[in-house]
Protein chains: 2
Amino acid sequence: MGSSAKEEARIADALCKAVLERKLAPGSKLPEEELAQIFRSNRAKIRRVLLLLSRSHIVTLEPGRGAFVSRPSPQEARDVLASRRLIEVSLLARPYRRLSAQAAERLRRIMAEEAQAHAAHDAIAMIYLSGQFHLTLIEELGNKVLKSITGELILRMSLIITMYERQNTTCCLSSDHHDLLELLLAHDYVEASALMARHLEGIESCLDFHREPATTTILSQILQPLKD
Amino acid sequence: MGSSAKEEARIADALCKAVLERKLAPGSKLPEEELAQIFRSNRAKIRRVLLLLSRSHIVTLEPGRGAFVSRPSPQEARDVLASRRLIEVSLLARPYRRLSAQAAERLRRIMAEEAQAHAAHDAIAMIYLSGQFHLTLIEELGNKVLKSITGELILRMSLIITMYERQNTTCCLSSDHHDLLELLLAHDYVEASALMARHLEGIESCLDFHREPATTTILSQILQPLKD
DNA sequence: TCAACCATTATTGTTTACAATATCAAGGCT
DNA sequence: AGCCTTGATATTGTAAACAATAATGGTTGA
């Protein structure tokens, strides 16, 4: 066996997925025993998963009280977005290497999926795919460390978007992604960087920090179907 | 009581300190039971600490084999440094706010300590204080998220320096720190940013990736005196 | 009627013992 | 002699029982 790390990753992914799909609302309680049953696991493993997720700022551990889906504050949201902007804009201005042909291909494939999700009005898939696009970009132009840092930020950002997204808006314009790729292939890094800055500012303008908590502390009944 | 998180932080800090003070060489085995005795703790707590430290890339967990002090590869070292450079240089070019008077005061105090450490030829203190200077800068000019990201990178960097530092060199020139502060107070962000770039490149040139493992897998005998 | 208090219940946190696995040493085989 | 096998030992990984703490609900008294 030995695949305990794998199993924990599976549980962590499933939890993240449930959060990002808005099946688990921010603030929801995550009881250890219940999660253990849902995932056919035990409390010890669940405990490690929750500890790790708390380091990713996806869940918050309150000593003696348990684990909850995080509710990032508006300030935290602004800081996360500003940090992403700093990293991504700077990297595009001076990338570590050029886009390879197969990198461009990877990006195009993601864009195609984005188009599908857009056509299907699948907002959740769009958030995920947009993240994948940005992450792939960082991976191709930057290095592994930057990728893991930005990956964490994008994950936090996804949670933030599910929490604060203004209704009737789509947060990440896929047309921007298209233009971004063209600029990079043309080696116009100045314009690419500027577009990325505008693009990320566009995300911020889609957020509404006034609309208060979606306090729907959904029961883990919701989680039952995703144990596979 | 309930201060279990505090105790774990204490243990984690002590371990980090031991690593950065070169009392624990990269690659050293970290047996759980032994650590539990040294810190008058239990295996469960040690286990959590090691899990967290592995997320900080200070220790590496090998499934079934245990925990070891990390041995960052040359590639990882370069990536960490490049990531730091990207973040710090960009932030200085366009800081989120200006340096307050008390911020300048904090920085000056750290610089004074650096001078002391330099006079005392205390290389370990210098690495630590240099990190503190950079971290304070990020905190004052940036935001909390950037600070925590950079804090992690600086910690990894410290481990990298202890591992790869060329002999007879001092890695972080405190004269640069002085000039940096002056430029920032004069609001000359272009020059400050350029100086930071040179400064961090200076660190890289102090590293020697050829000199192979300092495989001195020191026994935890060494750890005994730091249990307080 | 509302608020404060106490007992009950449920959940988290810790310790313990146990099982699985890897390391190490000795002995035998080629 | 050197390498592989085999058993002993130590360490990691897991599960389960226990203790401590926080949430819950009902009762009492003003």
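Letters A, B, ... are given to chains in the order of the sequence lines, protein chains preceding strands, and every chain is numbered from 1. None of these values were measured; they are calculated from a predicted model.
- One can place CZ of B:Phe68 at 11 Å from C1' of C:dT23, the figure rounded to the nearest angstrom.
- Rounding to whole angstrom units, NZ of residue B:Lys29 and P of C:dA22 are separated by 12 Å.
- Taking a cutoff of 4.0 Å between a charged side-chain nitrogen and a carboxylate oxygen, A:Glu8 and A:Arg48 qualify as a salt bridge.
- Distance from the side chain of A:Glu32 is smallest to C:dG13 among C:dT23, D:dA22, C:dG13.
- In this structure, CD of B:Glu34 is placed 11 Å from C1' of D:dT11, rounded to the nearest angstrom.
- With values rounded to the nearest 0.5 angstrom, A:Arg40 atom CZ is found 12.0 Å from A:Ile11 atom CD1.
- Comment: B:Glu139 engages B:Arg106 in a salt bridge, judged by a side-chain N to carboxylate O separation of less than 4.0 angstrom.
- Atom CZ of B:Arg48 is separated from atom P of C:dT12 by 14 Å (rounded to the nearest Å).
- When each of D:dT14, C:dT14, C:dG13 is scored by its nearest atom to the side-chain atoms of A:Arg43, the top-ranked nucleotide is C:dG13.
- Rounding to whole angstrom units, NZ of residue B:Lys45 and P of D:dT12 are separated by 18 Å.
- Between the C1' atom of D:dT14 and the CZ atom of A:Arg47 lies a distance of 15 Å, rounded to the nearest Å.
- Whole-Å rounding puts the A:Leu50 CG to C:dT12 P distance at 9 Å.
- Here B:Ala44 lies in heavy-atom contact (under 4.0 Å) with a base.
- The distance from the CD atom of B:Glu21 to the SG atom of B:Cys16 is 11.0 Å, given to the nearest 0.5 Å.
- Taking atom CD of A:Glu33 as the reference point, atom P of C:dG13 lies 14 Å away to the nearest angstrom.
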